[in-house]
Amino acid sequence: MARAYLRRKLLSRCEFSTTWPWTNMELISLLALVTIPELIHSIGLPNQHQTACEHSLNNAIHLRCPCGKVLYVQAANYGRLDKETCGYHDNDQCRATRAVDIVRNHCNGQRKCDVRAHNGVFGDPCRGVPKYLEVVYDCVSPGMKSAIVCENQKSTIRCLPGHKLALQGVDYGRHDEITCPSPAMYNLTCHSNIAMKRLLHCNGKESCNLVAKNSVFGNPCMGTYKYMEVRYRCEKTKIIVCESHNTKYKECEFGGSFDTISLIQQKSQANCIHGLRFGINGNSVWVDQACQGTFRLSKTVCDDD
C-alpha cells in the first residue's frame, strides 16, 4: 500500500506515458524507476546503475528522473566487463570506445531517455561475444555541471567571464567499474570524507584547477584506483547591502536578473531569516523587522545563456 501511494503521489506530479508496451515485469521496473530516484536523492545515496542485455527481449535502458531533475550520465560501456552478466563468457575486457559519448549526447539534460543495447548504436567491439549496455547516471538539477578526473590526473573547471563557481558536491574514491577503468578496482564503496573541504577554495572563482591525488584527499581505499567527481554550477553573482531601520520594511533595488539570495554577513542584532526578514521581490532585495546585512545575489547560468 505504501509503494502504491508513493507511486500515485509521484505520478500526479509527473506525466509518465502509460501507452508504452510494458510487460508485467517491466511495469515493476517502471515502478522502481518512478519511486527510487526520489528516495535516493532525499537521502543522498550514490549514483544509479542500469544494465540492458544485447539479446534480451527488451534490450534497452530506460532512464527516468523525477520532476525538477534531469539526467547526467557519469559513465557508460557497451561490451562486457565481467564473465557472468547477461550469460557466461570468458571475455571480460570488451569496450565500445565511444559508448559514454553516445549515451551522454542522447540523454544528458533530459528527464527521460531510452538507449538500445545494440551494435547498430555502438558498433561491435567484440564479435561473437554476448554484450550488454551498462550506464551509471544521476538525476540533477538543471544547470548542474560535473567533471570527472582520474587518479593522478589534472583538469580545470571554468565558467564564462563574469560568472563564478559554486560547488555542489565533491567525491574522491570509487563507486563503479566503468568510470576511470583499471585492473585495480577492488573497493567500490570508497570515498574521502574530506573531499569537499579540500576544494572549498574554488567557490567564487571563475576557474579552478583540479588534481586527483591521495596527497590532496587522503587515501580512502589502499590499492584501488580512484577518481574525483566534482559537481558545480556557474552563477552570476552580485553583492548588495540592505538594512531595515526602526523595524520598518525596506526594498533595495538591484540591476540585472537574479533568482537566489543568501546572507553573507549579518550586521544587526535581529536575526536575518530568509523568507521572514529578507528575500527577493522582483528586482529588489527586501528586508524587514530590523534585519540588516550583506547579501549575495546569484543566478544559475546554463550553457546556452
Side-chain angles (χ1 to χ4, degrees), residues 9-10 12-15 37-38 41-42 44 65-72 107-112 138-147 156-170 196-197 199-210 230-305:
K9 182 177 179 181
L10 289 176
S12 68
R13 297 167 54 203
C14 303
E15 294 181 0
E38 188 88 326
H41 285 280
S42 68
C65 287
C67 291
K69 301 287 185 179
V70 295
L71 290 163
Y72 168 73
C107 297
N108 275 5
Q110 308 296 317
R111 192 168 66 79
K112 307 175 185 179
D138 206 352
C139 295
V140 301
S141 299
M144 185 83 71
K145 302 172 183 289
S146 183
T156 301
I157 53 176
R158 63 179 75 252
C159 297
L160 295 173
H163 305 96
K164 308 299 181 183
L165 291 166
L167 298 189
Q168 306 297 304
V170 181
M196 184 68 173
K197 185 183 298 185
L199 290 188
L200 286 177
H201 65 277
C202 293
N203 281 328
K205 294 183 176 181
E206 199 168 281
S207 66
C208 191
N209 296 324
L210 307 177
V230 180
R231 296 188 181 185
Y232 64 99
R233 294 177 180 277
C234 289
E235 296 181 340
K236 181 180 178 181
T237 63
K238 184 173 186 176
I239 307 300
I240 188 171
V241 176
C242 198
E243 300 178 349
S244 164
H245 295 284
N246 299 321
T247 70
K248 292 183 178 180
Y249 178 89
K250 181 179 179 181
E251 289 192 354
C252 303
E253 188 173 347
F254 54 77
S257 175
F258 300 94
D259 52 25
T260 305
I261 184 172
S262 59
L263 177 66
I264 298 177
Q265 182 181 14
Q266 182 173 293
K267 297 184 174 183
S268 57
Q269 291 185 345
N271 289 331
C272 292
I273 303 171
H274 185 213
L276 180 63
R277 291 178 176 171
F278 75 90
I280 295 178
N281 181 28
N283 63 345
S284 297
V285 172
W286 64 266
V287 290
D288 200 3
Q289 301 178 41
C291 169
Q292 302 175 7
T294 302
F295 303 93
R296 175 184 287 113
L297 301 168
S298 62
K299 179 180 177 63
T300 299
V301 180
C302 299
D303 290 332
D304 56 355
D305 285 356

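- Side chain of Arg111 to backbone of Cys67: no donor-acceptor contact under 3.5 angstrom is found.
- Contact of the Leu210 side chain with the Leu199 side chain is registered, since non-hydrogen atoms from C-beta on lie closer than 4.5 Å.
- Using cut-offs of 30° and 60° on the angle between ring planes, the pair Trp286 and Tyr249 is parallel.
- Considering every non-hydrogen atom in both Leu165 and Cys208, the closest pair reads CD1-CB, 3.7 Å.
- Between Gln168 and Ser141, every side-chain heavy-atom pair lies at or beyond the 4.5 Å cut-off.
- In this structure a side-chain-to-backbone donor-acceptor pair under 3.5 Å is present from Ser244 to Ala290.
- A pairwise comparison of heavy atoms in Ser268 and Gln292 identifies OG-N, 3.1 Å as the closest pair.
- Taking CE of Met196 as the start and SG of Cys202 as the end, the distance is 9.5 Å to the nearest 0.5 Å.
- The line from OG of Ser284 to CD1 of Ile240 is 8.0 Å long, rounded to the nearest 0.5 Å.
- For the atom pair CZ (Arg296) and OG1 (Thr294), the distance works out to 10.5 Å, reported to the nearest 0.5 Å.
- Counting only distance, with no hydrogens or angles, the side chain of Asn203 and the backbone of Leu167 share a donor-acceptor pair below 3.5 Å.
- Scanning both residues, Arg277 and Cys291, for their nearest heavy atoms gives O-CB, 3.7 Å.
- A pairwise comparison of heavy atoms in Cys107 and Leu71 identifies O-CB, 3.6 Å as the closest pair.
- Rounded to the nearest 0.5 Å, atoms SG (Cys272) and CD (Gln266) are 4.5 Å apart.
- Proximity of Cys65 to Val70: side-chain heavy atoms (C-beta onward) are nowhere separated by under 4.5 Å.
- Minimum heavy-atom separation, Gln289 to Ala270: O-CB, 3.7 Å.
- Taking CZ from Phe254 and CG from Asn283, the interatomic distance works out to 6.0 Å, rounded to the nearest 0.5 Å.
- In this structure the side chain of Lys145 never reaches within 4.5 angstrom of the side chain of Ile157, judged on heavy atoms.
- Between Met144 and Tyr72, every side-chain heavy-atom pair lies at or beyond the 4.5 Å cut-off.
- Atom CG of Leu160 sits about 12.0 Å away from atom NZ of Lys236, to the nearest 0.5 Å.
- Contact of the His274 side chain with the Ile261 side chain is registered, since non-hydrogen atoms from C-beta on lie closer than 4.5 Å.
- Of the residues listed (Thr260, Ile280, Thr237), the one engaging Leu297 in a side chain to side chain contact (heavy atoms under 4.5 Å, CB included) is Ile280, and it is the only one.
- In this structure, the side chains of Cys139 and Pro66 come closer than 4.5 Å at one or more pairs of heavy atoms.
- The two atoms that bring Lys205 and His201 nearest to each other are CE-O, 3.1 Å, heavy atoms only.
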